[in-house]
Every structure is written in C-alpha cells, then in structure tokens.
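Shown next, in structure tokens, is the structure this report addresses.
When a ligand or atom number is given, it counts from 1 through the structure's own listing order. Remember, predicted model here, so these are calculated numbers, not experimental data.
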Amino acid sequence: MGDTVTIIDIPVLLERIESLQSFVLTTHVHPDGDALGSEAALYHFLRREGKNVRVINADAVPANLAFLESNGLFETWNPAAHERELMQADAIICLDFNQPDRVRGMEPVMRASTAFRIVIDHHLHPKPFADIYLSRTEASSTAEIVYDILTAAEFPVDRATATALYVGIMTDTGSFRFERTTPRLHRIVAELMETGLDPMAIHRMVFDDYAIGRTMLLGRILAGIEQHCDGRASILVVTGEMLSETGTTVEDVENIVNYGLAIRDVELTALLMETAEGWKISFRSRGNVAVNDIAAEFGGGGHRLASGARVDGEELSVLKQRLIQRFCRALAR
Ligand code: 5GP
Ligand code: MN
C-alpha cells in the first residue's frame with residue numbers, strides 16, 4: 001500500500017484478474033443502486049471466469065434493491081465470519097468508492113489484508129490505499145465502467161447482469177437526466193435492454209415502491225425547506241424524530257435532496273440528516289459551483305455536482321449556519 005495512486009486501464013485490470021483466484025468485492029456504506037449493481041454484475045462475470053468470489057459490504061442491502069440479490073450474493077460485514085476472507089483473499093475489489101474510510105468498520109481489516117487491492121470507481125480525487133485504480137471520473141456510474149470491463153472481456157451479458165448494470169446507470173444518472181447522460185450511455189442502455197430486462201418493473205421497484213410513511217416523511221421534509229443566499233441556495237433537514245414518527249429509516253431519504261434543487265434560482269442545496277453517527281450531509285449543485293470541494297471541507301467528497309459528508313458532534317443550528325455561509329460565499333464568486 002503505497003502513497004501514490006496508480007491509474008490503470010481495462011487490459012491491465014483483466015490481466016491481473018486472470019492471474020488471481022479468490023476475490024472479495026466490497027462497496028461503500030449505505031450502498032446505492034450503482035454500488036450494488038456494479039458488484040452484482042462483476043460477481044456474475046468473475047464467477048463465469050471460474051473465480052471464487054464473495055461480496056462483503058459494511059451495510060445491508062436496502063429493501064428497494066433486494067431484487068438484485070440472488071443466492072445470498074450480498075453479505076453484510078461481520079468480523080467473526082469475514083475477517084479471514086478479507087485477510088486471505090488474493091484480491092479485494094473496491095467498487096464505487098475511492099477513500100478507505102467509506103467502508104467504515106471494514107477499513108482496518110481492508111488495510112491490514114495482504115490482498116491485492118483494486119479500485120474501480122468514478123469519484124474525484126482517489127486516495128492512496130489500493131494497488132491499482134481503474135478510475136474514470138468522466139463515467140456516469142461505476143456500472144458503466146463495469147460494462148466496459150465485461151465488454152472488453154467478451155462476457156456475454158445475460159439478463160441478470162444487464163439488470164444490475166441498468167440499475168447502476170439508472171440510479172446514478174437520476175433516471176438518465178444528470179450530467180454524463182451521453183449518447184454513448186443511451187447506446188449501452190439500449191444494448192442492456194436487448195437482453196429482455198423490464199425497465200418499467202425495475203424503475204417501479206427502485207423508486208416507486210415505498211411504504212406510505214416515506215411519502216409522509218417527504219411532506220415533512222419539504223414543509224421545512226429554507227431558501228438562503230438571495231434564493232440561490234436551499235437547505236433541507238431530516239431529524240431522527242421525523243424518521244421515527246413516520247416509521248421510516250435513513251434509506252427512505254435517498255434522492256429527496258433533489259427536491260432542494262427543483263426550485264427556480266436555486267443553484268446549491270444541502271440535505272442534513274440526523275443519523276446514529278451524527279449528521280450526514282448531501283450536497284447537490286445545478287452546475288456552476290463544484291460541491292465536492294465544499295463537501296471536502298466538511299470531511300467528505302464525491303462528484304462535482306453530487307457529494308456528501310458526515311459530521312459528528314455538531315449542533316444542527318451551528319452546522320446549518322456554517323453551511324449557509326459557505327454556500328453564500330461560493331455563490332458570491
Ligand atoms: P449522497 O448525497 O447521495 O449520499 O452522495 C452523493 C455522492 O457523494 C455519492 O457519490 C457519494 O459517493 C458521495 N458521498 C456521500 N457521502 C460521502 C461521505 O461521507 N464521504 C465521501 N467521501 N463521499 C460521500
Ligand atoms: Mn456511483
């Protein structure tokens with residue numbers, strides 16, 4: 001584990017994969033569609049190559065993505081059961097993250113392991129903790145990169161694999177509307193659809209299959225929206241009380257941050273969510289301001305227009321004030 005980031009391309013990755021036998025795939029905490037879809041697709045590929053593969057994640061699969069699961073594919077980190085796997089695997093493949101603390105409790109074992117560490121990711125500014133990085137910040141999603149890997153390896157993408165990749169691309173592009181939704185990406189999606197996957201059913205399972213409490217939660221969050229910086233920034237807050245009173249969990253808050261940007265004149269938004277580990281902040285930008293720099297100042301990171309951070313032990317009012325000031329300063333430039 002050096003102090004440099006060695007960027008490689010697909011042929012080098014495939015050569016390396018060929019030379020190794022046992023793999024652990026992992027992804028970031030609160031895994032989303034791209035994280036799990038990328039893992040599932042790469043899992044199917046590696047299995048077909050005759051490799052031993054385990055997928056071990058710091059957090060469990062959220063209910064709306066459970067359909068990606070097959071035969072206990074996704075395992076949730078349990079040191080007693082998994083420490084040896086991580087220590088003894090030939091390789092650990094880190095999907096959809098590029099900072100070691102994104103796997104939280106798994107980080108010490110991931111670092112201590114003698115396994116060859118491979119990062120496949122599309123976030124900005126990879127941190128040096130792995131041996132090689134297939135890092136493409138211009139990719140819409142990690143799933144798009146995995147698609148390119150599978151295509152280069154001439155893997156015949158079946159419907160299950162195509163569904164996993166489709167979910168990754170769909171969720172990370174906000175259903176094909178964010179930056180990086182290119183003609184090429186639509187061609188990839190067309191090819192995936194040709195396996196017979198069902199876009200309507202997938203969309204419904206991922207985005208439109210909530211318990212009523214989630215809609216009530218949405219109402220409460222939106223009712224409290226604040227606009228600042230001459231109307232150019234907005235703030236949304238989710239407290240633990242709002243979650244418990246509506247019978248929802250942090251998973252139900254996924255994507256609600258986008259409402260903060262769906263307002264005329266608003267260029268920057270943040271959603272502050274109370275969790276057991278302090279405040280989780282989601283940042284979104286319409287395009288002019290890069291929020292990954294702002295997220296980094298709060299100890300996080302991510303993409304230019306979508307980033308996040310976790311802040312522990314700070315009073316909501318203080319944190320909110322800090323954020324508003326930072327937003328107004330960014331917008332004044
Ligand atoms: P979200 O707001 O949807 O949770 O995350 C948006 C983006 O920011 C994602 O690409 C995610 O990887 C990144 N991100 C979210 N939370 C964190 C965090 O705590 N640390 C870092 N480095 N990135 C984060
Ligand atoms: Mn992603």
Side-chain angles (χ1 to χ4, degrees), residues 26-42 57-59 62 64-65 94-104 107 119-127 129 134-147 164-175 178-181 185 206-207 221 235-238 249-261 268-285 290-312 314 319 323:
T26 192
T27 191
H28 56 78
V29 291
H30 294 300
D32 55 14
D34 189 30
L36 298 167
S38 299
E39 286 186 326
L42 196 63
N57 296 332
D59 284 337
N64 67 329
L65 296 169
C94 304
L95 288 149
D96 201 41
F97 72 97
N98 63 12
Q99 305 185 5
D101 62 354
R102 297 284 286 140
V103 294
R104 211 191 291 132
E107 182 182 356
V119 167
I120 303 175
D121 180 57
H122 67 131
H123 293 91
L124 295 164
H125 312 312
K127 292 260 167 67
F129 70 98
L134 180 50
S135 170
R136 290 190 175 172
T137 56
E138 75 285 0
S140 65
S141 50
T142 299
E144 182 183 346
I145 306 173
V146 172
Y147 170 88
L165 293 172
Y166 184 90
V167 167
I169 294 169
M170 178 185 79
T171 52
D172 261 32
T173 58
S175 303
F178 295 159
E179 245 198 343
R180 305 202 185 95
T181 305
L185 189 71
V206 176
F207 292 121
I221 298 171
I235 307 271
L236 294 160
V237 175
V238 191
T249 68
V250 294
E251 281 168 19
D252 292 293
V253 182
E254 180 93 27
N255 294 314
I256 290 180
V257 61
N258 293 313
Y259 285 94
L261 271 192
L268 281 181
T269 192
L271 178 144
L272 286 80
M273 176 170 70
E274 193 174 14
T275 73
E277 299 98 33
W279 291 95
K280 147 109 213 260
I281 314 176
S282 285
F283 297 92
R284 295 292 185 274
S285 167
V291 279
N292 59 294
D293 295 338
I294 299 178
E297 289 171 27
F298 288 81
H303 309 284
R304 217 170 61 79
L305 305 184
S307 309
R310 274 147 235 274
V311 179
D312 203 0
E314 201 159 344
L319 180 59
L323 256 173

Here the gap from Arg104 atom CZ to Asp59 atom CG, rounded to the nearest 0.5 Å, amounts to 5.0 Å
Provide the number and element of each atom of ligand 1 under 4.0 Å from a heavy atom of His123.
-> 9 (C), 10 (O), 11 (C), 12 (O)
For Asp34, the N, O or S atom at the shortest distance from the Mn ion (ligand 2) is OD2
Nearest heavy atoms of Gly168 and Ser141, plus distance in Å | O-CB, 3.9 Å
Heavy-atom side-chain proximity of Val146 to Leu165 below 4.5 angstrom | yes
Can you check whether Asn292 reaches His125 side chain to side chain, under 4.5 Å on heavy atoms?
-> yes
Residue part near ligand 1, for Ala309, under 4.0 Å between non-hydrogen atoms | backbone
Measure from atom 15 (C) of ligand 1 to every heavy atom in Ala295, Ala306, Gly308, Gly302 and give the option owning the shortest one.
-> Gly308
Which ligand 1 atoms does Gln99 reach within 4.0 Å, using its non-hydrogen atoms?
-> 22 (N)
Counting heavy atoms under 4.0 Å, the part of His28 that contacts ligand 1 is neither
May I ask you to identify the nearest protein heavy atom to atom 11 (C) of ligand 1, giving residue, atom name and distance to one decimal place in Å?
-> Arg102 NH2, 3.6 Å
Which is the closest N/O/S atom of Asp172 when seen from the Mn ion (ligand 2)?
-> OD2
With respect to the Mn ion (ligand 2), what is the nearest N, O or S atom of Asp96?
-> OD1
Pairwise side-chain contact, Thr142 with Arg136, heavy-atom cut-off 4.5 Å (strictly under) | no
Does a side-chain heavy-atom distance below 4.5 Å link Thr171 with Asp32?
-> no
From atom 24 (C) of ligand 1, work out which of Ala296, Gly300, Ser307, Gly301 has a heavy atom at the shortest distance.
-> Gly301
Spatial distance of atom CG (Leu261) from atom CZ (Phe283) [nearest 0.5 Å] | 12.5 Å
Measure the acute angle between the ring planes of Phe129 and Phe97, then classify it against the limits of 30° and 60° as parallel, tilted or perpendicular.
-> parallel
Going by distance only, is there an N or O of His303 that falls short of 3.5 Å from an N or O of ligand 1?
-> yes
Do you know the tightest heavy-atom contact between Thr27 and Leu95?
-> OG1-O, 2.7 Å
Any side-chain donor near an acceptor of the partner, Glu39 and Asn57, under 3.5 Å | yes
Please identify which atoms of ligand 1 are closer than 4.0 Å to at least one heavy atom of Lys280.
-> 1 (P), 2 (O), 4 (O), 16 (N)
Within reach of ligand 1, part of His30 (heavy-atom separation under 4.0 Å) = neither
re atom 6 (C) of ligand 1, the protein heavy-atom contact at minimum distance is Arg284 NH1, 3.6 Å
With a 4.5 Å heavy-atom cut-off, do Arg284 and Val291 have their side chains touching?
-> no
List the closest protein heavy-atom neighbour of atom 19 (O) of ligand 1: residue, atom name, distance to the nearest 0.1 Å.
-> Arg310 NE, 3.1 Å
Check Met170, His122, Glu144 against Asp34 for a side-chain contact (heavy atoms from CB on, under 4.5 Å) and give me the one that passes.
-> His122
Just need the protein heavy atom nearest to atom 2 (O) of ligand 1, so name the residue and atom and give the distance.
-> Ser282 OG, 2.5 Å
Looking only at distance, does Gly299 have an N or O less than 3.5 Å from an N or O of ligand 1?
-> no
Which is it for Glu254 and ligand 1 at heavy atoms under 4.0 Å: side chain, backbone, both or neither?
-> neither
Give a yes/no answer: is there an N/O/S atom of His122 under 2.8 Å from the Mn ion (ligand 2)?
-> yes
